[in-house]
Enquirer: 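Before we start, here is the structure in question, set down as structure tokens.
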Amino acid sequence: MTLLDLVALLPLIILTAAATGIVLLMAVCRCHRTTALFSMAGLGLAVISLPFANSMAPNRAVTPLLMLDTYSFFYMGVMFVSSFVIAALAYAYFEKQDGRREEFYVLLLTATLGAAFLSASSHFVSLFMGLETLSISLYAMVAYTRDRRDSVEAAFKYLVLAAASAAFMVFGMALVYAEAGTMEFAKIAAARGALEQGNHLVLLAGCAMMVVGIGFKLALVPFHLWTPDVYEGAPAPVTAFVATVSKGGMFALLLRYFVLIDVHQYPSLMFLFTAIAVLSMFFGNLLALLQDNIKRILAYSSIANLGYVMIAFLASGHMAVPAGALYIAAYFITTLGAMGVISVMSTKERDADSFADYRGLFWRAPWIAAVFTAMLLSLAGIPLTAGFIGKFYVLAAGEESSRWIGIAALVVSSSIGLYYYLRIVLTMCESAEDEAPVSRPSWTEATVLTGLAAALLFVGVYPGPLIHAAETLVASIL
Amino acid sequence: MMLICIVLIPLLAGVIAWAIGRQNPGAARWVCLLACAIDLVILLTLWNNQAAMAAFAAGGPWLMQVNVPWVPALGISFHLALDGLSLLMLILSAFLGIVSVGCSWTEIKERVGFFHFNLMWVLAGIMGVFLAMDLFLFYCFWELMLVPMYFLIVIWGHENRIYAAVKFFIFTQFSGLLMLLAILALYFLHGHATGTYTFDYDLLLGTKLGSGAAKWIMLGFFAAFAVKLPAFPVHNWLPDAHTEAPTAGSVILAGLLLKTGAYGLMRFVVPLFPQAAIDFTPVAMTLAVIGIIYGAVLSFAQTDLKRLVAYSSVSHMGFVLLGVFAWNRIALQGAVMQMICHGLGTGALFMMVGAIQERIHTRNIEKMGGFWEVAPRMGAIAMFFAMASLGLPGIGNFIAEFLVLLGSYQANATMTSIASLGLVLGSIYSLWIVQRVFHGARENQAKLPDFARREIALFASLIIALVGLGFFPQPIFKTADPALSKLQQLAVAGQGAVQVSEAKHSGGNS
């Protein structure tokens, strides 16, 4: 291992060190504020180290396991910033709670580490390592408010289903290995050429079983059953994490793996992914109509949103990579904002996830309501928000490679989806009987929400820089 | 720069109104009134600038434009441009802006600041639509005017407002997405063919498209504009939205929002896809005629006064659709005239309904009657606008409908003959309003104060405008003519290009 390898690994090393550091810190002093600040500092440092690592050791394969290229650094950047925001939200959220709060930040950092590992992995072993690091941390995070029944139930559900899907995934890997004789993505892609004349059945079966594991993490239909329960049961900052970072890592991996093996060669896999995408869009948007709980609505909305981004994935490479990256970045900002509002509105006893909590919010707390409305409009893809830029790019990518089925599904299902976003906005507009003002958000919360709203509008109004960054990823992966 | 100011002024006024509305609602109203007035003055000054007009008529590109790169990576620019057509629509917008602030002076009592914020932003969005010459920017404005309109209906609307607002939003958003797809398709086809990927209207004009692609892309645009217009099968968001919106919302909806659809047809559909539009003409004209007759018949069947006026809009806007697809000089002039006169006339009728509702708290025609005795000024004014609606000579609407019929007769005599029945039906429902509301026995004993000075002033300005247009339509024609004939030339050039390319194509095959 050379020095340059270490430089390339720097972001991951910083994260690991920060996690270890917190454990040691807790042995000395248990102070919520210090721990939170420490973890945020760690994440901040990791973000700062990314451009440094990218310029010093560009596109470097460290051992066969990890490919630390611009592509993975981009996703890491997005995920680290998200975790940073989540740490800030969690600090404000857990300040309202009793009990031990410091361990949460260890779990947050290890989970982020797992997701970062996923985005950089180029080998089945690192894939599985990343996946498990992420999942195991998440089980504990979901159940972190352990005196709430819903949280424990959600954690168990997640544990059982995640373990089952991981088993599928490992079996799929074994099948691919049996056929291709290697676990490195690049070599599998090369081996495929040699396999041209033979039958692909085992390879395809292996890929299909891996799709189960991937689809589970991304909450795509039909592997979505855990989503609403976990979103509802988990404390709001954890829900934000499940919705963003944990999906981001897996999406980065999915795109990399299937671009490398050139999924367009296999009509059957393409059919499978198209079906998954279309089903996710429709199931997500239709089922969200039936919900009476804001967190569950957002859960179904996330299912639909991941369905949209699958269109980017189905498009051909040079548009797919930037479209996916843009959509993920926009989706992260939006989801963090929406979950952030829920987290800010939550009290010690329960999360603010019923419609009653938001009735008349426009008159009780105009600023929070305005932020929430902006986030919901972004999810609905209205211009001048980040969400529109993401959707625009996904549509462009889809049209460019003529994925008409996916596009038609997107147009129809997202129009249906408008209804439930508007329903939330509507509730906030209603005049409440008791216009009791909401308790003032803390300084941290106000900063986070303002920052996210500003980011949302900035990307929506001036998307140039982000588009440029996303376009550069193509060169690194293809 | 001036163009940016025109859009920016209402945006800023909206923010200021929101900020000061809580402490001082009156000041919020004045700020918005002032903003619209400033816009109107700027626009009228532009209109008065004979030199620029003459230069444009002589073949200059635009009266005025700004073009700054926005997202150069994708060929998106912030391109606003003004020609006679946009100018007329902008003047109408600023004028109706003043009217709608004026007509909500006493009607809106709650959350005044936020109301005016939405009112100003919807106005800015509409002005943006009339100015945007970059398709991406156009789409942004197109969607931007939806959100504040939604809030206007949902917060200050009447009984069934939520249903109406959601329906309005989903209809327009869905059709808007179809337009976005069409824009993207055009973008890629143009890019593949020429190597320049751009959303700029000027550059996209004359894109050579295969007839299949042109048809589908044209339909995408047409869907969005037909919903806004509204054309026959997709009109049914309109009665709900118009009926449930507060008066100012209805005035903006009928007066301006519907015009964006007509404007889109003139600006984009025919010039960008001339051949496809010509092939589509029989269908569009049929839809227009159905809309004219159907709207008028349904209008007659309503018991809700506001709904009646709303359906009459469907009928009137049918004439615009007919005129646009006849695509000759006379019919287009008529369509532009109809857009302006319908904006003023129907806006006034909605204000009339709003005023009645504010006084007697119902819109049900059955519960009205005999109002002339107690409120003669109201009656006389209503009489005037009913006459305007049925197209009495001497009022702008007559000129408009007459020209549309005259122009489309050359294009399609059968359709035009059927459409002219709309005028007869129009007289029936217009007179019906006057008869049922102002004459007959007085059943409703609610107090009905006659119009006060503010209302008289508002209606008087509308009456003066309509009569002025009726007797002196020439300034409108003169302003619109260079813009319209340029659009016609573009269409002819584009059509020629298509024919040439298709001829080449078939030549290559044989």
Side-chain angles (χ1 to χ4, degrees), chain A residues 319 322 326 360 362-363 366 369-370 373-374 376-377 380-385 388-389 391-402 404 407-408 410-423 425-431 460-472, chain B residues 18 22 69-74 76 78 110-111 113-114 117 125 136-147 150-157 161-163 165-189 191-192 197 216 220 223:
Chain A
M319 276 297 263
L326 266 178
F362 250 106
W363 324 117
T373 307
L376 291 169
L377 291 179
I382 303 294
L384 302 190
T385 60
F388 171 68
I389 301 294
K391 203 178 255 178
F392 174 78
Y393 225 88
V394 162
L395 279 177
E399 254 190 61
E400 153 99 312
S401 28
S402 306
W404 295 111
I407 289 177
L410 189 155
V411 170
V412 175
S413 71
S414 74
S415 301
I416 300 171
L418 270 179
Y419 182 81
Y420 58 83
Y421 296 126
L422 290 182
R423 205 175 137 213
V425 176
L426 216 76
T427 314
M428 293 196 287
C429 291
E430 275 173 24
S431 35
V461 173
Y462 192 63
L466 189 63
I467 289 179
H468 180 75
E471 297 272 2
T472 55
Chain B
W18 195 3
R22 191 171 287 241
W70 182 12
V71 188
L74 299 177
I76 299 171
F78 189 85
E110 283 182 5
R111 322 203 192 284
F114 193 49
F117 170 79
F136 185 88
L137 183 66
F138 176 77
Y139 182 78
C140 286
F141 280 124
W142 186 260
E143 296 283 302
L144 201 66
M145 61 186 185
L146 274 186
V147 180
Y150 169 79
F151 279 118
L152 284 181
I153 301 177
V154 146
I155 302 179
W156 294 274
R161 58 182 182 272
I162 292 172
Y163 170 76
V166 172
K167 193 168 171 184
F168 162 71
F169 202 102
I170 292 180
F171 260 76
T172 23
Q173 169 77 12
F174 177 71
S175 62
L177 275 176
L178 293 180
M179 179 169 75
L180 181 64
L181 287 184
I183 292 175
L184 279 169
L186 183 63
Y187 168 78
F188 281 118
L189 287 174
H192 288 321
Y197 287 87
W216 285 107

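Letters go in sequence order (proteins before strands), and every chain restarts at 1.
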Enquirer: Taking side chain as everything from C-beta outward and backbone as N, CA, C, O, which of these in B:Leu144 sits under 4.5 Å from a heavy atom of chain A? Side chain, backbone, both or neither.
Expert: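 B:Leu144 touches chain A through side-chain heavy atoms alone.
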
Enquirer: Atom CZ of B:Phe188 and atom OG of A:Ser402: how far apart are they, to the nearest 0.5 Å?
Expert: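 Here the interatomic distance stands at 10.0 Å.
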
Enquirer: Taking side chain as C-beta onward, heavy atoms only, is A:Ile382 less than 4.5 Å from B:Gln173?
Expert: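 They are in side-chain contact.
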
Enquirer: Do B:Leu74 and A:Phe392 have side chains that get closer than 4.5 Å, going by heavy atoms?
Expert: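 Yes; the side chains approach each other to less than 4.5 Å.
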
Enquirer: When you look at B:Tyr150 and A:Val425, which way does the side-chain contact (heavy atoms from CB on, under 4.5 Å) test go after all the steps?
Expert: CA-CA 10 Å; B:Tyr150 169 79; A:Val425 176; 4.2 Å; yes

Enquirer: Could you tell me which portion of B:Phe141 (side chain, backbone, both or neither) has an atom closer than 4.5 angstrom to a non-hydrogen atom of chain A?
Expert: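 Neither the backbone nor the side chain of B:Phe141 comes within 4.5 Å of chain A.
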
Enquirer: Pick one of side chain, backbone, both or neither for B:Phe171, based on which atoms fall under 4.5 Å of a heavy atom in chain A.
Expert: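 Neither part; nothing is under 4.5 Å.
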
Enquirer: Are the side chain of B:Trp70 and the backbone N or O of A:Val461 linked by a donor-acceptor pair below 3.5 Å?
Expert: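 Such a contact is found between B:Trp70 side chain and A:Val461 backbone.
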
Enquirer: Pick one of side chain, backbone, both or neither for B:Tyr187, based on which atoms fall under 4.5 Å of a heavy atom in chain A.
Expert: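 No part of it gets close to chain A.
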
Enquirer: Tell me, for B:Leu184 versus chain A, whether the close heavy atoms (under 4.5 Å) come from the side chain, the backbone, both or neither.
Expert: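 Both parts, heavy atoms under 4.5 Å.
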
Enquirer: Which bit of B:Phe169 is near chain A, if near means a heavy-atom gap under 4.5 Å: side chain, backbone, both or neither?
Expert: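 Both parts, backbone and side chain.
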
Enquirer: Which atoms of B:Leu146 come close to chain A, meaning under 4.5 Å heavy atom to heavy atom: side chain ones, backbone ones, both, or neither?
Expert: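 Neither part.
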
